[in-house]
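So you know, we letter chains A, B, ... as the sequences are listed, proteins then strands, and number each from 1. All of these numbers come straight from a predicted model, not from anything done at the bench.
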Number of protein chains: 2
Amino acid sequence: MDGDKKPWDPSQLRKYDLNLEEIPRLHYKDPKIDEYIKENKPVVITESNIVKPAVQRWSLEYLERNLGHSGHTVFVSRNHKFKYYDEKKIYNRVSNTKGVEFTPPTRKVEMRIEDFMKRVKEWKKGDERIYLQQSLTTTVGNNIVEDFVKFDWDYVNGKQTKHNWGPLTSNLLFIAMEGNQTPCHYDEQENFFAQVQGYKRCILFPPSQFECLYPYPVHHPHDRQSMVDFERPDYNKFPKFKNVKGWEAVVGPGDVLYIPIYWWHHIESLLRGGPTVTVNFWYKGGPSTLEYPLKDHQKVSITRNVEKMLLEVLQDPKEVGPLLRSMVLGRYTE
Amino acid sequence: MDGDKKPWDPSQLRKYDLNLEEIPRLHYKDPKIDEYIKENKPVVITESNIVKPAVQRWSLEYLERNLGHSGHTVFVSRNHKFKYYDEKKIYNRVSNTKGVEFTPPTRKVEMRIEDFMKRVKEWKKGDERIYLQQSLTTTVGNNIVEDFVKFDWDYVNGKQTKHNWGPLTSNLLFIAMEGNQTPCHYDEQENFFAQVQGYKRCILFPPSQFECLYPYPVHHPHDRQSMVDFERPDYNKFPKFKNVKGWEAVVGPGDVLYIPIYWWHHIESLLRGGPTVTVNFWYKGGPSTLEYPLKDHQKVSITRNVEKMLLEVLQDPKEVGPLLRSMVLGRYTE
Ligand SMILES: [Zn+2]
Ligand SMILES: [Zn+2]
């Protein structure tokens with residue numbers, strides 16, 4: 001970025017009542033990057049070559065010509081929110097009687113890339129929104145594969161080795177319409193979030209703020225997602241959301257945001273900023289030795305295991321809440 | 001008991017604001033007793049020979065002469081409450097740094113039986129109270145052993161076999177002063193509670209009322225005890241105690257109360273009724289196959305295991321509450 005002249009302005013950011021600090025931006029050769037990663041703190045890595053071939057070539061037209069003509073995975077939403085859900089956790093009286101009754105907020109469809117691009121171009125207010133989310137490890141055209149192998153794998157593999165991460169599990173390609181939003185959630189993987197085209201605003205919260213962000217039960221299809229609607233927070237149900245304190249960055253082409261494992265993130269393509277393209281790198285976490293004091297994300301993981309164990313032994317998601325309430329209310333409340 | 005003429009009157013019972021029903025009394029040959037036991041419901045077995053030799057011979061004088069002259073385990077309390085605590089869960093900076101800071105409400109002392117009996121006889125209001133609680137499997141005199149082997153073992157072993165209980169783990173002898181109280185708690189064993197001399201009032205609650213009775217955390221020395229003071233319930237802290245619904249019986253010489261595993265029980269020797277003598281039979285529960293729907297006591301056991309597991313992994317009892325609160329408040333509360 002050249003000095004103070006930003007290629008976007010604050011009116012392109014949705015308004016939230018949040019206490020936010022800026023995530024530092026560091027040149028990719030800066031050794032302080034490793035301190036951030038080591039301490040599981042987010043940082044924006046600038047001017048790297050991590051996804052340079054993509055930044056240089058992956059315009060929407062190029063992607064349309066080269067992404068391949070089989071179907072791609074596209075989510076369809078009636079509003080700007082694309083809240084993830086796990087289909088495997090939805091109740092089905094034939095195949096999943098232990099699931100949760102649930103109406104998905106978005107539809108998952110297969111779409112040819114030409115149809116996707118056409119709908120993006122012709123979109124007008126009131127239309128359904130769409131969001132392509134496609135693994136780069138599945139079939140994509142030759143040009144894309146060539147670009148992909150020219151990513152700066154030395155750099156990212158170097159970070160993986162240095163910080164003792166597990167294997168790379170996938171690279172996901174995201175093509176979003178302007179204004180599309182991925183509501184606040186956490187992932188159980190380390191993430192290099194590489195911006196290719198357009199601008200995305202990323203709001204992050206550390207795992208220690210678990211209790212301010214009220215994730216759905218682990219057995220719920222919205223597992224790992226916050227129950228709080230950032231645009232209309234229900235402070236009666238979620239009083240500690242008032243205490244939440246986050247970190248934010250707006251990332252543009254060439255920026256790579258490190259999203260540490262178990263960190264919460266809310267992501268939105270800027271308003272009136274055109275479509276955006278992002279590639280992420282998901283790595284499994286490092287080996288989890290229980291050294292004391294435990295890290296906050298390890299406590300989140302313990303919580304998840306308790307919830308999973310309870311569902312396993314109770315065999316019915318409707319019984320998890322009552323048992324947890326009887327365990328905690330009046331006994332462990334202050 | 002001969003008809004309506006009770007050897008005690010209601011003024012000998014402490015007053016509590018509780019909704020109570022009577023526990024049925026059944027002749028020991030009544031086949032319905034097995035239905036109660038099978039369904040884990042309490043019942044008073046009358047006119048049996050289970051502890052007949054003790055009922056006939058174990059007066060305080062007889063016990064004083066025959067119990068043996070080594071020390072016996074006696075609890076000393078400044079009031080009428082003898083609330084159990086587990087010494088192993090008390091913090092100690094040398095031997096138990098993972099314990100809980102705790103001042104025991106009673107003192108455990110070794111006392112010769114003559115001294116115990118003398119103090120009981122000479123007790124006057126304002127003095128400390130005492131309560132002998134002694135395993136019958138440790139050294140007792142020959143006469144006591146002879147009486148003990150003449151208990152109706154065929155009857156109790158028959159129940160054990162029929163209901164698939166585990167082994168007998170101990171017989172405890174209780175010698176209480178009138179008015180002594182054992183506050184509400186549950187045990188993890190099946191219990192035949194055989195009254196030998198004097199009258200005890202027993203108030204029981206099923207394991208399903210766990211949430212109304214607010215047991216201490218499992219890692220607390222008062223584990224398995226209710227946090228609610230029945231004489232001055234704090235309805236702000238323990239609102240569901242208002243909904244508690246119990247069962248009660250006053251047992252006298254020859255009565256045997258079946259206290260099912262995990263059932264809550266509050267026990268008190270009647271006011272102005274003289275000292276009481278009781279022998280209990282503790283059996284391990286049956287093999288716990290998880291058949292669905294789970295029984296209420298199995299859910300209590302699951303809760304206990306979650307709390308134990310959390311202490312194990314967090315390594316600090318002070319961290320269990322905050323983690324459970326963050327898991328439940330706003331997420332699993334209604
Ligand atoms: Zn994510
Ligand atoms: Zn007991």
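Looking at B:Arg325, its side chain does come within 3.5 Å of a backbone N or O of A:Tyr332 through a donor-acceptor pair. At distances below 3.5 Å, at least one donor-acceptor pair connects side-chain atoms of A:Arg331 with backbone N or O atoms of B:Pro215.
Highest contact tally toward chain B, considering only A:Tyr292, A:Tyr216, A:Phe238, is held by A:Tyr292 [criterion: heavy-atom pairs under 4.5 Å].
B:Leu294 touches chain A through its side chain: at least one heavy atom from C-beta onward sits under 4.5 Å away, while N, CA, C and O do not. Within the 4.5 angstrom heavy-atom criterion, only side-chain atoms of B:Met227, from C-beta onward, approach chain A. If you measure heavy-atom distances from B:Pro239 to chain A, you find no contacts under 4.5 Å at all.
Of residues 298-322 of chain B, those residues with a non-hydrogen atom less than 4.5 Å from any non-hydrogen atom of chain A are, in numerical order, B:Lys299, B:Ile302, B:Thr303, B:Val306, B:Glu307, B:Met309, B:Leu310, B:Glu312, B:Val313, B:Leu314, B:Gln315, B:Glu319, B:Val320, B:Gly321. Contacts between residues 205-212 of chain B and chain A, defined by a heavy-atom separation under 4.5 Å, are made by B:Phe210, B:Glu211.
In the displayed structure, A:Lys38 atom NZ is contacted under 6.0 Å by at most 12 heavy atoms of other residues, nucleotides or ligands. Shown here is B:Lys81, whose NZ atom has more than 12 heavy atoms of other residues, nucleotides or ligands within 6.0 Å. More than 12 non-hydrogen atoms from other residues, nucleotides or ligands lie less than 6.0 angstrom from CG of A:Asn79. Applying the 6.0 Å contact sphere to NZ of B:Lys245 captures more than 12 heavy atoms from other residues, nucleotides or ligands.
Interatomic distance, B:Asp296 CG to A:Ser326 OG, rounded to the nearest 0.5 Å: 10.0 Å. Taken to the nearest 0.5 Å, the CD atom of A:Glu334 stands 9.0 Å off from the CG atom of B:Leu329.
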